[in-house]
Amino acid sequence: MNDWLATIAVVLGVLLGFLSSIGVMRMPDVYMRLHVASKASSLGIALLMLGVALLFGELSVTIRALLVVVFLFLTAPVTAHVIGRAAYITGTPLAPGTKPDELAGAYDAETGRLAGVQGRPDGAD
């Protein structure tokens, strides 16, 4: 039974990774590509690691697989945020159909801060 569950998890993980790669190619701007890359591929890798843990069934392999998933879930959102912020600061255009740009006029490119925000409340900049 574990072999079947592992196979299903691995196949779903590979399918999500494949769909993620197609989404990265088809999305119109960097911001939508980041969404696809960080969400779908993270879930795909989590399913792959679940399949590995089920297939081997050893505690050491399961712990390593869980650590990979935890590391990925901690770093993928941070990475996507940093890349998205860098893209916005450098002036990467939004997709033509994007309606609101909520940061337009509120973001100071020189300081890297929102206009009107002075810094940290404790004064330690």
Q: Under a single-linkage definition using a 4.5 Å side-chain heavy-atom cutoff for Ile, Leu, Val, Met, Phe, Trp and Tyr, are Leu16 and Leu5 assigned to the same hydrophobic cluster?
A: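 Leu16 clusters together with Leu5.
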Q: Is there a path of hydrophobic side-chain contacts, each under 4.5 Å between heavy atoms of I, L, V, M, F, W or Y residues, that connects Met27 with Val24?
A: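 Yes; Val24 is reachable from Met27 via cluster members.
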Q: Answer whether the closest heavy-atom distance between the side chains of Val78 and Leu74 falls below 4.5 Å.
A: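 SC-SC contact between Val78 and Leu74 ruled out.
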Q: Where is the tightest heavy-atom contact between Ala87 and Val30, given as atom of each residue plus distance?
A: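 The answer is CB-CG1, 3.7 Å.
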Q: In sequence, state the C-alpha distance, the side-chain angles, and the governing distance for Leu47 and Val10, and then conclude on side chain to side chain contact (heavy atoms under 4.5 Å, CB included).
A: CA-CA 6 Å; Leu47 285 170; Val10 167; over 6 Å; no
Q: Give, for atom CG of Leu19 and atom CZ of Arg26, the distance between the pair rounded to the nearest 0.5 Å.
A: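 The CG atom of Leu19 sits 11.5 Å away from the CZ atom of Arg26.
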Q: Using the rule that two of Ile, Leu, Val, Met, Phe, Trp, Tyr join whenever any of their side-chain heavy atoms come within less than 4.5 Å, decide whether Leu54 and Val61 are in one cluster.
A: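 No.
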Q: Would Asp3 and Leu55 satisfy side chain to side chain contact (heavy atoms under 4.5 Å, CB included), going step by step from the backbone distance to the final call?
A: CA-CA 6 Å; Asp3 290 344; Leu55 184 64; 3.7 Å; yes
Q: Hey, what do you get for CG (Leu59) to CZ (Arg64), rounding to the nearest 0.5 Å?
A: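 Taking CG in Leu59 and CZ in Arg64, the distance rounds to 10.5 Å.
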Q: Which pair of heavy atoms, one from Met49 and one from Val69, lies closest together, and at what distance?
A: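 Heavy atoms of Met49 and Val69 come nearest at CB-CG2, 3.7 Å.
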Q: Please determine which of Ile45, Leu43, Val36 meets the side chain to side chain contact (heavy atoms under 4.5 Å, CB included) test together with Ser20.
A: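 With Ser20 as partner, Ile45, Leu43, Val36 yield a single side chain to side chain contact (heavy atoms under 4.5 Å, CB included), made by Val36.
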Q: Look at the side chain of Thr92 and the backbone N and O of Tyr88, then say whether any donor-acceptor pair between them is shorter than 3.5 Å.
A: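 A pair under 3.5 Å: no.
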Q: Taking everything shown except Phe73 itself, do over 12 heavy atoms lie less than 6.0 Å from its CZ?
A: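 Result for CZ/Phe73: enclosed.
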Q: How many angstroms lie between CD in Glu58 and CD1 in Ile63, if you round to the nearest 0.5 Å?
A: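 Rounded to the nearest 0.5 Å, the CD-CD1 separation comes out at 11.0 Å.
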Q: Do other residues, nucleotides or ligands put more than 12 heavy atoms under 6.0 Å from the OH atom of Tyr31?
A: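 Yes, because the 6.0 Å sphere around OH of Tyr31 holds more than 12 heavy atoms from other groups.
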Q: Side chains of Phe56 and Val52: closer than 4.5 Å at any heavy-atom pair?
A: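 When only atoms from C-beta onward are counted, Val52 and Phe56 do touch, with a gap below 4.5 Å.
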Q: So how far is it from His81 NE2 to Ile83 CD1, rounded to the nearest 0.5 Å?
A: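 Separation between the atoms: 11.5 Å.
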